[in-house]
Student: 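Below: one structure in structure tokens.
This chain uses plain numbering: 1 for the first residue, then up along the sequence.
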Amino acid sequence: MKRTATISRLLVLSCSLAFATAFSCACRAEDAPRSDDKIEVVSYYFGNYHLDKRNEKRLGKGWTEWELLKKAKPRFEGHQQPKVPLWGYLDEADPKDMAKKIDAASEYGIDVFLFDWYYYEDGPFLERTIDEGFLQAPNRDKIKFALMWANHDWVEIFPKHKDVPSALIYPGRVSPEMFDKICDLVIEKYFSQPNYWKINGAPYFSIYELTKFGENFGSYEATKAAIQRFREKVKAAGFPDLHLNAVYWGRPNIPGEKTVNDPVAFIEGLGFDSVTSYVWIHHVPLNEQQTDFNWVRDEYMKHWDYARKAFSIPYIPNVSMGWDSSPRTCQDDPFGNWGYPFTNCISNNTPENFKTAVQMTKDRILADPDAPRIFNINCWNEWTEGSYLEPDSVNGYGYLEAIRDVMKK
């Protein structure tokens with residue numbers, strides 16, 4: 001019988017059929033991304049700090065997101081802005097500047113750059129970070145890399161004016177035909193690279209917004225079929241399989257984001273191989289203008305406990321360095337907790353407190369024989385969201401030293 005229900009009804013109906021499977025307590029050991037007690041440290045990387053033709057057409061010649069950071073001001077008492085990069089305002093699309101980042105990442109314990117990767121119906125966006133910066137860097141083999149398809153709507157927040165709705169610039173939804181082209185492209189262009197990150201030989205590919213992903217295909221069954229086609233393409237290219245990862249969150253952040261009804265059943269029913277998080281605030285509310293880092297950490301740990309029990313597939317935990325999206329707001333507008341990027345901040349995120357969070361994460365992973373020997377960090381360079389590992393003028397190399405001190409001992 002042909003269905004004509006909306007995508008949301010289809011997702012809910014199909015999820016309910018998969019419910020029993022989703023809550024199976026048997027963990028598929030063959031899928032668990034781990035190897036003894038060596039823990040891989042993965043850092044998200046957001047590539048908007050180079051010249052991009054789309055940005056320049058919309059925001060002016062020479063524009064990069066460094067411009068927002070340079071203009072940031074303190075918005076309340078005790079607010080530390082602007083953040084000033086110790087290395088200066090590097091061009092990540094320049095192989096020499098990217099080589100500096102790779103050297104530091106490798107030296108201080110980062111194993112993988114997980115790039116926020118953008119591809120819309122009309123083509124790629126911000127791709128120079130990877131194609132011209134990372135892949136052309138002379139030392140690129142020092143670390144691995146992988147892609148997280150950041151398939152969310154791209155909206156106008158550069159900067160965001162308080163009383164002006166965020167205009168939709170690039171819709172995250174793509175056609176089924178474009179998705180098939182994306183699969184072919186990532187296999188040929190990226191999975192084939194010798195330092196592309198793989199788990200048990202399977203290239204890791206992560207999807208950020210699950211609701212938007214499901215909307216691409218019109219039904220749950222069609223979404224599942226698209227994933228299967230992707231797997232078949234990967235195997236035909238000579239890999240044992242695809243490692244497909246789902247980014248899971250319950251608190252929308254960027255305008256236009258939506259959550260999935262019954263995410264456990266949805267993710268496992270579609271056959272994802274693992275699940276992870278992008279940032280702590282996707283799970284923990286920031287109830288105060290300056291919400292204490294250690295409190296947010298402990299609340300996230302509760303979410304981690306829930307996730308690893310709820311999912312029968314491996315859950316890869318996250319450590320967030322901080323949160324302060326105020327540089328993306330119009331600096332002349334009043335500031336408050338009025339919706340992204342006008343949001344409360346994480347405070348007290350000192351290198352020492354970050355180090356404690358990394359140590360706790362390492363200890364919790366090693367204490368669980370079934371846990372993936374992986375965690376990810378938000379973020380290498382989310383400067384305008386206040387979550388970055390790159391050295392700054394206040395803390396120097398403190399956050400990188402924290403990782404090195406915990407992971408290399």
Side-chain angles (χ1 to χ4, degrees), residues 41-50 64-94 96-110 113-116 129 133 143 158-159 279-281 286 289-294 296-297 318-329 331 335 341 343-358 376-407:
V41 181
V42 180
S43 179
Y44 289 111
Y45 188 112
F46 173 64
N48 202 26
Y49 298 90
H50 67 281
T64 76
E65 197 154 349
W66 287 128
E67 299 307 311
L68 297 185
L69 192 70
K70 293 174 184 177
K71 295 174 182 177
K73 303 175 184 176
R75 309 303 295 281
F76 49 82
E77 185 177 355
H79 189 203
Q80 196 271 301
Q81 285 289 353
K83 310 292 185 182
V84 179
L86 192 63
W87 294 338
Y89 302 96
L90 298 184
D91 176 3
E92 62 200 356
D94 184 329
K96 296 190 298 298
D97 285 356
M98 181 59 78
K100 186 179 186 71
K101 297 167 182 273
I102 292 170
D103 278 342
S106 174
E107 178 182 353
Y108 287 92
I110 302 297
F113 274 164
L114 182 52
F115 289 101
D116 295 5
T129 298
I143 64 171
F158 303 97
V279 63
W280 284 351
I281 68 163
L286 303 184
Q289 189 172 71
Q290 299 186 71
T291 306
D292 185 76
F293 177 89
N294 294 330
V296 179
R297 177 202 67 203
N318 171 263
V319 178
S320 292
M321 170 271 185
W323 183 262
D324 179 2
S325 55
S326 65
R328 285 184 169 177
T329 66
Q331 300 298 295
F335 188 77
T343 65
N344 288 339
C345 304
I346 291 178
S347 66
N348 197 29
N349 57 323
T350 62
E352 292 75 18
N353 285 336
F354 175 73
K355 180 179 178 179
T356 298
V358 173
N376 58 49
I377 296 174
N378 186 289
C379 181
W380 180 262
N381 66 331
E382 284 271 22
W383 286 91
T384 56
E385 287 188 338
S387 191
Y388 55 88
L389 298 177
E390 290 184 342
D392 68 19
S393 61
V394 173
N395 296 293
Y397 282 72
Y399 298 103
L400 289 173
E401 291 169 348
I403 298 168
R404 179 199 61 195
D405 292 349
V406 172
M407 302 309 300

Student: Supply the atom-to-atom distance L86 CG to S393 OG, rounded to the nearest 0.5 angstrom.
Tutor: 7.5 Å
Student: Between F335 and S326, is any pair of side-chain heavy atoms under 4.5 Å apart?
Tutor: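 Yes, their side chains come closer than 4.5 Å.
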Student: Start with the C-alpha distance between N48 and F46, add both sets of side-chain angles, then the distance that settles side-chain contact (heavy atoms from CB on, under 4.5 Å), and finish with yes or no.
Tutor: CA-CA 6 Å; N48 202 26; F46 173 64; 3.4 Å; yes
Student: Looking at CD1 of I377 and OH of Y44, how far apart are the two atoms once the value is rounded to the nearest 0.5 Å?
Tutor: 11.0 Å
Student: Check whether any side-chain heavy atom of L114 sits under 4.5 Å from a side-chain heavy atom of Y45, and report yes or no.
Tutor: no
Student: Y89 versus V84: any side-chain heavy-atom pair under 4.5 Å?
Tutor: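 Yes, at least one pair of side-chain atoms sits under 4.5 Å.
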Student: Which distance, rounded to the nearest 0.5 Å, do you find between the CG of D97 and the CG of D94?
Tutor: 4.5 Å
Student: Could you check whether any side-chain N or O of N349 sits under 3.5 Å from a backbone N or O of M321, counting only pairs where one atom can act as donor and the other as acceptor?
Tutor: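 Yes; judged by distance alone, with no hydrogens or angles, the pair exists.
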Student: With a 3.5 Å distance limit and no angle check, can you tell me whether S387 reaches the backbone of W383 through a side-chain donor-acceptor pair?
Tutor: no
Student: Taking the side chain as everything from C-beta on, heavy atoms only, tell me whether N344 gets closer than 4.5 Å to Q290.
Tutor: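 The answer is no, as the side chains (C-beta and beyond) never meet within the 4.5 Å cut-off.
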Student: Nearest 0.5 Å, what's the CZ-CD1 distance between R297 and I346?
Tutor: 11.5 Å
Student: Out of curiosity, D324 CG to Q81 CD, how far, rounded to the nearest 0.5 Å?
Tutor: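 It is 4.5 Å, given to the nearest 0.5 Å.
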Student: I need the full list of salt bridge (Lys or Arg N to Asp or Glu O under 4.0 Å) pairs touching residues 376-402, with sequence neighbours left out, sorted by first then second residue.
Tutor: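 Qualifying pairs: K101-E390, R328-E385.
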Student: Using residues 66-76 as the side-chain source, report each donor-acceptor pair under 3.5 Å to any protein atom, sequence neighbours left out, with the distance given to one decimal.
Tutor:
unit_1, atom_1, unit_2, atom_2, d
W66, NE1, L90, O, 2.8
R75, NH1, T329, OG1, 2.8
R75, NH2, D333, O, 2.3

Student: Is there a donor-acceptor pair closer than 3.5 Å between any side-chain N or O of N378 and the backbone N or O of N318?
Tutor: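 Not a single qualifying donor-acceptor pair exists.
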Student: How long is the gap from OG1 on T129 to CD on E92, to the nearest 0.5 Å?
Tutor: 3.5 Å
Student: Main chain of C379, side chain of S43: is a donor-acceptor contact present, judged purely on distance under 3.5 Å?
Tutor: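 Absent.
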Student: With sequence neighbours excluded, what pairs up with A105 under the side-chain contact (heavy atoms from CB on, under 4.5 Å) test?
Tutor: I110, F113, I143, W380
Student: State, without any angle test, whether T343 and W323 hold a side-chain donor-acceptor pair at a distance under 3.5 Å.
Tutor: yes
Student: Could you give me the CA-CA distance, side-chain angles and deciding distance for V319 and W280, then say whether side-chain contact (heavy atoms from CB on, under 4.5 Å) is met?
Tutor: CA-CA 7 Å; V319 178; W280 284 351; 4.2 Å; yes
Student: Examine distances only and state if a side-chain atom of T64 and a backbone atom of H50 form a donor-acceptor pair shorter than 3.5 Å.
Tutor: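 Looks like no, no N/O pair under 3.5 Å.
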